[in-house]
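Shown next, in structure tokens, is the structure this report addresses.
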Number of protein chains: 2
Amino acid sequence: MANIRDVADSAGVSVATVSRTLQQPERVSLKTRNRVMAAVDAVGYKPNLMAVKFRSGKTHNLVVLVPTVANVFFARVISGMQEAAAELGYSILLANTLGNPDTEAQYAKMVSTSQADGLIQLRAQIPLDDSLMNDNGLLPMVNACEVIDCGKYPVVTLDNRAAAKAMTRHLIEFGHTRIAMIKGPDSSPLTQDRLLGYKDALREANLPFNENLLFPGDFTLQAGYKAGADIAKIDEKLRPTAVFCENDETAIGTIQAFKQVGMRVPDDISVAGFDDIAFSAFCDPPLTTIAQPAEEFGRTAVTLLVDVLNGKTRKAPKVIMPFELITRQSTGPVKTM
Amino acid sequence: MANIRDVADSAGVSVATVSRTLQQPERVSLKTRNRVMAAVDAVGYKPNLMAVKFRSGKTHNLVVLVPTVANVFFARVISGMQEAAAELGYSILLANTLGNPDTEAQYAKMVSTSQADGLIQLRAQIPLDDSLMNDNGLLPMVNACEVIDCGKYPVVTLDNRAAAKAMTRHLIEFGHTRIAMIKGPDSSPLTQDRLLGYKDALREANLPFNENLLFPGDFTLQAGYKAGADIAKIDEKLRPTAVFCENDETAIGTIQAFKQVGMRVPDDISVAGFDDIAFSAFCDPPLTTIAQPAEEFGRTAVTLLVDVLNGKTRKAPKVIMPFELITRQSTGPVKTM
DNA sequence: GTGAAAGCGCTAACAC
DNA sequence: GTGTTAGCGCTTTCAC
């Protein structure tokens, strides 16, 4: 592998001149510059970026911890990140942690061991170990999507409470009074916020909150199916007439469970989701859901982190992204018996 | 940030001893070792891995070019890669290229610029530019999934032709004689192989091949919907009675199009997919499809690449992964009129 | 406008 | 068993 010395020799100049030609061409005479460029081609020189990064102390790498890339919502967030990173001259090192704290630690460590400049967490439920921190006990980090806001780090999130309230109100406006909720994992801050929004809407409509209408879930198709099957077993007089699922995968699983026992959506029961993944428009029936600007989440998180790295950010900004209620055919008026 | 010098000073030893304590402890006396470890803690030393990698010339990073992480099949492959990489002491740098040749080049370049040791392509249709190659005109690279086998690089793939033949035969056994195929992008080698398998099965059953039963697609829900709508418009006497989609997303889109015009699956028309993504089991009806060992694809690709990097691989091995025909409810006997 | 030289943090000969 | 030292490839003062 040709190095900068080879180029210098071949061009009959010093290594400093080669470096300058490549980094700050305006400081080199045109004649020399041409000679250097010719030599670069001649010896097939490719700068060793590992050396550059080592020397400069800036890696221009950003580590992203994502619970699972298989989640289609996260996939969109990541696309947005990659775009923004490319524009800003950074590369994304994606860590598919699968919720494994060891994998998380392994990748988070890349920051304290100078392999990456900063970190983005897409699920900030588990506080990172102190040993991963820099000397100041902090880390160049941004938390996005599922966020516990400790005030120390920039945050980009959705007003999940308001979104859940909007969806619940949508169901209430259709006349539903027994509205079930299929939750995400209790450890997820999202779940808490969405539950609050759900309660907000009930309270505002003077509807009772019923603990029995809360079903556990974990954002998977399987969990949705399971909860749907459980709901279907409830006696029709007591059964909820609408189900608000905390994500679209759950909703799709739930609908499938209802169909298998002959319940019609939305005629017999309404189902709503959250996220507006691509499949949601192609379900049967197409899913009423909350759209989040997923790519924008990613773009914003990266931009905030780069601001932090450049020291041009005020203390831990908090960005709230907008949401949109998408009304499709999976929700409808309550059935009149 | 404390460095190895600080540790050495604090422990009253040389930098070499610190390095040895960390790398080959058995070559350092227990007493010195303890003193060094205490100093490491005392000064809060974290080795600068950028320097280590620079020095050793091995980055232990692997770049993976994936067309889109939003494809749930690829997401599973990536999970497998990450697992295998972690076990072997490598990190995955994931490049979500979105088919953009510039992004591809940007990340592929990480190998020739010493930021990564090797490259895995999940879609090897566009040959990489010569400028990205090493001096020998090659690159430590493994091609997986969608592969053009040029014989130069290890390959891990599926016998797509055999799989497509098996699925087509499955449909033929149900009595179907007019079987449509919704293809992937023509540029994808997958599409060519699966088409060949489809033709193989027709030929074996003495059924005519009809160009008009081929529909274009690009592996998305939207494309499936579009093709489904086109098929539905065909006069019933000429209309295919079964549709073989080159992936599950396409099949799900197709089914949705059929439903919207009142066609029943599989009573009026059978639909088959390919990949066995999670949603396939939760469609209505659940999808008959070809399961691929996605995680194994990833694991194998990483293992092969690491073998290449360690120089312990014979010339460009070709690994064919097994497939499985999953029969669910979206395919059935041809309707007798 | 160009060159000489120091040094980023670490590892690995090579001495002792 | 431990220390000294020469770099890895590059950027960046500081001279000239």
Side-chain angles (χ1 to χ4, degrees), chain A residues 1-37 39-40 43-61 89 109-117 134-135, chain B residues 1-40 43-61 109-117 134-135:
Chain A
M1 213 50 186
N3 64 23
I4 199 169
R5 173 98 261 149
D6 299 328
V7 179
D9 290 349
S10 162
V13 298
S14 73
V15 290
T17 302
V18 178
S19 177
R20 273 192 290 260
T21 304
L22 267 19
Q23 303 306 324
Q24 334 170 43
E26 69 282 1
R27 299 187 50 184
V28 179
S29 76
L30 181 60
K31 206 173 129 210
T32 318
R33 229 189 296 167
N34 288 338
R35 206 138 45 87
V36 170
M37 293 315 288
V40 164
V43 304
Y45 172 65
K46 311 244 179 56
N48 179 332
L49 292 189
M50 214 65 194
V52 174
K53 290 175 172 192
F54 162 56
R55 183 62 170 76
S56 65
K58 296 268 164 261
T59 65
H60 282 248
N61 289 153
K109 216 165 154 182
M110 295 182 88
V111 179
S112 58
T113 56
S114 311
Q115 297 183 84
D117 298 342
N134 282 341
D135 297 341
Chain B
M1 214 45 189
N3 64 23
I4 199 169
R5 173 98 259 148
D6 299 329
V7 180
D9 290 349
S10 162
V13 298
S14 74
V15 289
T17 301
V18 177
S19 177
R20 271 192 293 260
T21 304
L22 267 20
Q23 304 306 323
Q24 331 169 43
E26 68 283 0
R27 299 187 49 183
V28 178
S29 76
L30 182 60
K31 205 172 131 209
T32 319
R33 231 188 297 166
N34 288 338
R35 204 136 46 87
V36 170
M37 294 315 289
V40 163
V43 303
Y45 172 65
K46 309 243 178 59
N48 179 331
L49 291 190
M50 214 65 193
V52 174
K53 291 176 171 191
F54 161 56
R55 183 63 171 77
S56 66
K58 296 270 164 261
T59 65
H60 282 248
N61 289 153
K109 217 165 155 180
M110 296 181 87
V111 179
S112 59
T113 57
S114 313
Q115 298 183 83
D117 297 341
N134 282 342
D135 296 341

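Quantities reported herein were computed from a predicted structural model and do not represent experimental measurements. Throughout, protein chains are lettered first and strands after them, A, B, ... in sequence-line order, and every chain is numbered starting at 1. Heavy-atom basis, side chains included; hydrogens, waters and symmetry copies ignored.
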*Euclidean distance, atom CG of residue B/Asn48 to atom P of D/dC8 [Å, nearest integer]*: 19 Å
*Of all heavy-atom pairs between B/Ile4 and B/Tyr45, which one has the smallest distance, and what is that distance?*
N-CE1, 3.5 Å
*Can you list the residues that meet the salt bridge (Lys or Arg N to Asp or Glu O under 4.0 Å) rule with A/Arg5, with sequence neighbours excluded?*
A/Asp9
*Which whole-number value in Å describes the distance from B/Gln23 CD to D/dT2 C1'?*
17 Å
*Quick one: A/Lys46 NZ to D/dG9 P, roughly how many Å, whole number?*
15 Å
*Of B/Thr32 and A/Arg5, whose closest DNA chain D nucleotide lies nearer the 5' terminus?*
B/Thr32
*Euclidean distance, atom CE of residue A/Met50 to atom C1' of D/dG7 [Å, nearest integer]*: 18 Å
*Spell out, as yes or no, whether a donor-acceptor pair under 3.5 Å connects the side chain of B/Ser56 to the backbone of B/Val52.*
yes
*Can you tell me the distance, in whole Å, between the CD atom of B/Gln24 and the C1' atom of D/dT2?*
13 Å
*Counting heavy atoms from C-beta on, name the nucleotide in D/dC8, D/dT2, D/dT12 closest to the side chain of B/Arg55.*
D/dC8
*Is the number of heavy atoms from other residues, nucleotides or ligands under 6.0 Å of A/Lys53 NZ greater than 12?*
yes
*Between atom NZ in B/Lys58 and atom P in D/dG9, what is the gap in whole Å?*
13 Å
*Closest to the B/Ser14 side chain: D/dT4, D/dG7, D/dG1?*
D/dT4
_Using side-chain heavy atoms (C-beta onward) and a distance below 4.5 Å, is A/Val36 in contact with A/Val28?_
no
*Where does the chain B footprint on DNA chain C start and end, counting 5' to 3' with a 4.0 Å heavy-atom cut-off?*
C/dG9 to C/dA13
*Could you pick out which residue, B/Arg33 or B/Phe54, lies toward the 5' side of DNA chain D when each is mapped onto its nearest nucleotide?*
B/Arg33
*Can you check the A/Arg20 CZ to D/dA15 P distance for me, whole Å?*
15 Å
*Along DNA chain C (nearest heavy atom to each residue), the more 5'-positioned of A/Ser29 and A/Val15*: A/Ser29
*Report the distance from atom CG of A/Leu49 to atom P of D/dG9, rounded to the nearest whole Å.*
14 Å
